[in-house]
Student: 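Here it is, the structure, as structure tokens.
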Number of protein chains: 2
Amino acid sequence: MHKQSSPLEKLSEHKARFGLKSSNKRSFIIDYFLKADRHFTVEELYDEIKQKKPEISYSTVYRALKLLAECKLAGQCTFGDSASRYEPIHQYEHHDHLICRRCGRIIEFENDKIERLQKDVARRYGFHVSAHKLELYGMCRKCRKVQKGQRQ
Amino acid sequence: MHKQSSPLEKLSEHKARFGLKSSNKRSFIIDYFLKADRHFTVEELYDEIKQKKPEISYSTVYRALKLLAECKLAGQCTFGDSASRYEPIHQYEHHDHLICRRCGRIIEFENDKIERLQKDVARRYGFHVSAHKLELYGMCRKCRKVQKGQRQ
DNA sequence: TCAATAATGAAAATGAATTGCAATTTCATT
DNA sequence: AATGAAATTGCAATTCATTTTCATTATTGA
Ligand SMILES: [Mn+2]
Ligand SMILES: [Mn+2]
Ligand SMILES: [Zn+2]
Ligand SMILES: [Zn+2]
């Protein structure tokens, strides 16, 4: 076990390793993304950033997310939308997703029992698991209420 | 609970409902796909069918798989490859996937405990789950052996 | 200050998925 | 068997997210 580095440390380690330079635009994007802590498509993030800094282009947003993914500060999600999403990865944390197909809401959850059972399954097949994905699709509490009201 | 229909019944129900006609090409594709019982990309299936029936086009394969998906005889999988895959859906059956990132092997498994725990989680959040996806990515037994042999 | 090199924006390229359309095939009805 | 409405097919074209190219600008260490 070696000490885990903070997000910004990870980022500067990565910059050092690949000889990257810094830029205000990229910093702004990264900062916005990490603070918002949501599940953005590239386009969604671009649209929000455009409001505050219209001089930032789609390409730069795209490349910033790609960079974050490379240094494990962002994870890529594919929730059945046409476009894939990026979420901030926090230290030591793992979670899975509940996805509402009606309103798009995404809820994160953790369940140690499930995690343990997954490992059991893998062991049974001689598999070594390096990553997994558990997604529950359906309708959230709020949307179920709305739907109930609409019937009749 | 009403009686579940067999694959071919499902197909002819669907044909009746949408006024479809039958064709040798489509039948061949569907037959090949269901018998092979694997996780094909459209292109993979096309390439294999091309060997036996070169007069069948990519579009027709694509449309046959789409049709199967519509009548729930095929399911769509997204395993991180660039292209999505289709798998036959068997009656009453549900399963999740172990995916070897080295050789591409896909192993199917079922685990009732995990299924139950998923429902518990959903209930806790007021969610109604209509579908879910559990994928374990890693390295299969065979590939782990190979890798062990290669070191040193 | 000055190179060297990275970052950026705009446009083009890529590639899987999908569709438009003319030609062909199916099939119920003559 | 012939007919004709409607479905199927092949090919090319299109869509759309993603990725790359390339000319220009910004950063940084010497
Ligand atoms: Mn998440
Ligand atoms: Mn499967
Ligand atoms: Zn909802
Ligand atoms: Zn393998």
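Here the structure is a predicted model, which is why all the values come from computation and not from measurement. The figures that follow rest on heavy atoms only: side chains count, while hydrogens, waters and symmetry mates do not. In what follows, chains are A, B, ... by sequence order, proteins preceding strands, each numbered from 1.
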Student: Hey, what's the ring geometry for B:Tyr46 with B:Tyr58, parallel, tilted or perpendicular (30° and 60° as the breaks)?
Tutor: perpendicular

Student: Looking at B:Tyr58, does any N or O in its side chain come under 4.0 Å of the phosphate oxygens OP1/OP2 on D:dC11?
Tutor: no

Student: With a cut-off of less than 4.0 Å, is there a side-chain N or O of A:Lys25 near OP1 or OP2 of C:dG9?
Tutor: yes

Student: Between the protein and nucleotides 5-7 of chain D, list every N/O to N/O distance that falls short of 3.5 Å.
Tutor:
residue: D:dA6; atom: N3; partner: B:Lys21; partner atom: NZ; Å: 2.9
residue: D:dA7; atom: O3'; partner: B:Lys21; partner atom: N; Å: 3.1

Student: From CD of A:Glu55 over to C1' of C:dA10, roughly how many Å is that when rounded to an integer?
Tutor: 16 Å

Student: If you check every side-chain atom of B:Asn24, which of C:dT26, D:dA12, C:dA17 has the closest atom?
Tutor: C:dT26

Student: Examine A:Lys53 relative to A:Phe28 and say whether NZ or CZ is less than 6.0 Å from the centre of the six-membered ring and inside a 45° cone about the ring axis.
Tutor: yes

Student: For the residue pair A:Phe79 and A:Tyr137, does the interplanar ring angle fall in the parallel (under 30°), tilted (30 to 60°) or perpendicular (over 60°) class?
Tutor: perpendicular

Student: Salt bridge check: are A:Glu55 and A:Lys25 linked by an N-O gap of less than 4.0 Å?
Tutor: no

Student: Hey, what's the ring geometry for B:His97 with B:His39, parallel, tilted or perpendicular (30° and 60° as the breaks)?
Tutor: perpendicular

Student: Remember a base hit wins even if backbone is also touched, and classify B:Ser84 as base, sugar-phosphate or nothing at under 4.0 Å, heavy atoms.
Tutor: sugar-phosphate

Student: With clusters built from Ile, Leu, Val, Met, Phe, Trp and Tyr whose side-chain heavy atoms come within less than 4.5 Å, directly or transitively, what are the remaining members of the cluster of A:Ile89, listed by chain and number?
Tutor: none

Student: Establish, with yes or no, whether the OP1 or OP2 oxygen of C:dT25 is under 4.0 angstrom from a side-chain nitrogen or oxygen of B:Ser23.
Tutor: no

Student: Could you check whether the side chain of B:Ser59 and the base of D:dC11 have a donor-acceptor pair of N or O atoms closer than 3.5 Å, going by distance alone?
Tutor: yes

Student: Does D:dT20 pair with anything, Watson-Crick or G-U wobble, both distances under 3.5 Å, and if so, with which nucleotide?
Tutor: C:dA11

Student: Can a side chain N or O of B:Thr60 be found less than 4.0 Å away from OP1 or OP2 on D:dT8?
Tutor: no

